[in-house]
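Please read the structure below before turning to the comments.
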Amino acid sequence: MTYGKFAEVVLDIPLNKKFHYNIPPSFVNQVEIGKRVKVPFGRRTVVGYCVGLTNISDVKTLKDIIHVIDTTPILSSKMLAVAEWMANFYFCGLGEALESFLPSVVKKGIKSRTINVIRLCKDGISVKEMIFTIKKRAPIQVRVLEALAEVGEITFPELADISKCKMDSVNRLRDRGFITLDKVEVSDPLFAGKHFKKTSHFSSTEEQEVAIRLIKRKVRERKHSVVLLKGVTGSGKTEVYLQAISEVITLGMKAIVLVPEISLTPQTIERFKSRFDRVAVLHSSLTERQRSDQWWDIKSGNADVVVGARSAIFAPLEDVGLIVIDEEHENTFKQDTSPRYNARDVSVVRAAYENAVVVLGSATPSLESFYNTEIGKYECVTLKNRVGHKPLPRVEVIDMRREIFGGKGQKPISDYLELSMKKCLSKKEQVLLLLNRRGFSPFISCRRCGFVLKCKRCDISLTYHKKKDAVICHYCFAEEPVPRECPDCCSPGIRFTGFGTERMEELIRARFPQYNLLRMDSDTMRGRDSHEKALSAFRRGDIDILLGTQMIAKGLDFPNVTLVGVLSADTIVNLPDFRASEKTFQLLCQVAGRTGRSAKGGKVIVQTYNPEHYSITYAATHDYDGFAKKELEYRKQLYYPPYGRLARVVLRGKKDLDVKEKASDIAEKLMNAIKLSDGSLLAGLRKDKVGVLGPAPAPIVRVKDNYRWHLIVKADSFKNLHTILKSIENENRNSKKVQMMIDVDPYMLL
DNA sequence: AGCACGCCGACT
DNA sequence: GTCGGCGTGCTC
Ligand SMILES: [Zn+2]
Ligand SMILES: [Zn+2]
């Protein structure tokens, strides 16, 4: 045992361990919980987070802290507690969790940038005289002076561009006393020159009033609680959020609003900016400096409301009274790299530490949240009606099994949809078409021998992209030239099967030549604001038909859209995953909500080979509760979430055999944690409530030359799930041969 | 994660 | 005889 003044420091290494460091007397007053410190580690120095102070340590010799980085704690004790929860819940290192709390720009220390502004010295000699003194000896300095004589004052980067000078010439001129150099802080303001017209509360419907009153009451209680706000698209959920936030601000507290990345548009931001004065935005499209400025603004207490995507849940606000998660069911709130957290679930934990209220908003809540209202854990308020009592659009399901192309092949567009499109377009109304598959055709095969073209590195068929004139793997993004003959039998007949958005675009353009079509998928929407531009062109009416992948299902409402076509509702429903039905239902409801927003009404046509599937029939009648009840029944039978709790363990490596072996080894360890020595199972659970499924080859066995095996761990509660996972916690996750990944509460099992 | 140590194969 | 492969283990 050693005694003294020590700091518990967490480092960003995949080890859930705290390291003790001695605090030298000169740092005693500086070291504080929540500050970053520089420490020696092995033979390098690294940055760590001070998470605790202690007088006693069982480590014999402690090294000294080298430096204290922050003047005030960069993480509050509440946030440290959230990080601790994350590390335990998602089985990641505490350092790894903390690392995701601070944006990289903050870690890099990007703060305000200064720039040199150069001015001619007004007093004293004239420019002519200056040039005369320098004479021809320094032509660059002469050029600088001439340029300055013209403009008077200029920033160094601009001057360097005009007169092709370097800093040393400028310094020499300054030394002669001809010019002055001033460091000026450059700001890169987010909303430079933009004025937000202030709006006050919109009149709200009776339903909205009920919701607002409930949330306001909860906020005033300053007690942790969760409210599920269930409201169809167009029912005015945002207005409810706004009025609730207004109450929070009145009470001197602050609010966080999480929105799916794709919905974080200028219009969304404007809704908040126009209602509240001190709004900060955290978004990936900000420049580094803007992001840093926003973060420090929040940190220094200059924001009442933070609007942002997933990671904004870690916004450094104090006194959080309300956290809103809009489109709560969206999988974008689950991070797909470690730490694999779900911001929705983190928000509930953070709110618990902050004594804050969480509002989960959705037209189609996740089954987890719905279940939590059923068992009374969350409260539920419903907005049944759209604002203005606009009816939800009629949904017609087309059985594509009846639409056969004269005996050969399948018809991508039913006669009925085509006819409806014609009618709609002739009335100068707009059509939205959803096809959840990009590229030209998703399947390339040989007409002679049936050989299917697959990625060389992945176990997945390649997609033909016509414009790029290449075949692309949608898993590893590898591109290959289009084969001119079969790689297997060398016969020249190559067949392209199936329709992606690119091919559908071609087909529709051919059938509707007089109308403007825009294709919107990740191939055509490469640029940062292209998505925004496309939507505004559609809004203006420059485009008649908008064809796209999921990304068209979100965004704002377009009153002139009177027809929505879902070209294939089957892409998700056929996935071998327990969330396939839920995802299908949500997508259909979401896209259906894009129409019927005006007096013109609206219609939705869903093409499917599974017209009787309950996710489709319930979506057709806009019956969320009906769907949820049925889906919960299935989940209960199969003991899937929200009843059973899952974790997925994925092993990958270059050699299939190594991976398989490691997977069996892991499975055995997990089983040992479940099967107790007396033969009973963990916590006395029955066989169907706890166990390990697999190891099995992952549904896509090979990705980027890596073979993948996976295991699913199932338990009745997260607590027991964690007990089981503890048995493999200290396994090497990054060995050379086989890498291991643990995903607690995975979104999908694929 | 890094970065050592250490133990075997194939080279000047 | 050395150079260099990567398996193993530790870091306050
Ligand atoms: Zn062939
Ligand atoms: Zn691939």
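Each chain gets a letter, A, B and so on, in the order the sequences are listed, and its residues count up from 1. Quick caveat, the model's predicted, so the values are computed rather than measured.
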| request: Measure from the side chain of A:Lys736, starting at C-beta and using heavy atoms only, and say which of B:dA1, C:dC6, C:dC12 lies closest. | output: C:dC6
| Could you give the CD1-to-C1' distance, from A:Ile56 to C:dC12, as a whole number of Å? | 15 Å
| request: May I have the distance from A:His20 (atom NE2) to C:dC10 (atom C1'), rounded to whole angstrom? | output: 17 Å
| query | What does A:Asn734 touch in the nucleic acid at a heavy-atom separation under 4.0 angstrom: a base, only the sugar-phosphate, or nothing? | reply | sugar-phosphate
| Which part of the nucleic acid, if any, lies within contact of A:Ile13, taking any heavy atom under 4.0 Å across all strands shown: a base, the sugar-phosphate backbone alone, or nothing? | base
| remark: Tested for ring pair (Phe, Tyr, Trp, His ring centres under 6.0 Å) against A:Phe578, the lone hit among A:Tyr747, A:Tyr640, A:Tyr643 is A:Tyr640
| query | Can a side chain N or O of A:Arg43 be found less than 4.0 Å away from OP1 or OP2 on B:dC3? | reply | no
| field | Any donor-acceptor N or O pair under 3.5 Å, side chains A:Thr54, A:Glu8 | value | no
| query | How close or far is atom P of C:dC10 from atom CZ of A:Arg44, stated in whole angstroms? | reply | 16 Å
| Starting at NZ of A:Lys737 and ending at P of C:dG5, how long is that distance when rounded to a whole Å? | 17 Å
| task | Look at the aromatic rings of A:Phe314 and A:Phe101 and report parallel, tilted or perpendicular, splitting at 30° and 60°. | result | parallel
| request: Using a heavy-atom cut-off of under 4.0 Å over every strand shown, decide if A:Leu15 touches base, sugar-phosphate, or nothing. | output: base
| message | Quick test of the criterion, 5.5 Å between centres and less than 30° between planes. Is A:Phe19 stacked on C:dT11 or not? | response | no
| message | If you compare every side-chain N and O of A:Lys63 against the phosphate oxygens of C:dC12 (OP1, OP2), does one of them come in below 4.0 Å? | response | yes
| Please give, in whole Å, the distance from B:dG2 P to A:Glu96 CD? | 12 Å
| request: Just call it for A:Phe41: base, sugar-phosphate, or nothing, with non-hydrogen atoms closer than 4.0 Å on any strand. | output: base
| task | Take the protein atom CD1 of A:Ile23 and the nucleotide atom C1' of C:dC12, then report the distance between them rounded to whole Å. | result | 13 Å
| query | Are a donor atom and an acceptor atom from the side chains of A:Trp296 and A:Asn302 found within less than 3.5 Å of each other? | reply | no
| task | Looking at every strand, decide which applies to A:Lys17 at a 4.0 Å heavy-atom threshold: base, sugar-phosphate, or nothing. | result | base
| When the distance from CZ of A:Phe6 to C1' of C:dC12 is rounded to whole Å, what number comes out? | 10 Å
| remark: To the nearest angstrom, the CE-C1' distance between A:Met740 and B:dA1 comes to 15 Å
| query | Judged by modelled atom types alone, do A:Gln294 and A:Gln290 share a side-chain donor-acceptor pair under 3.5 Å? | reply | no
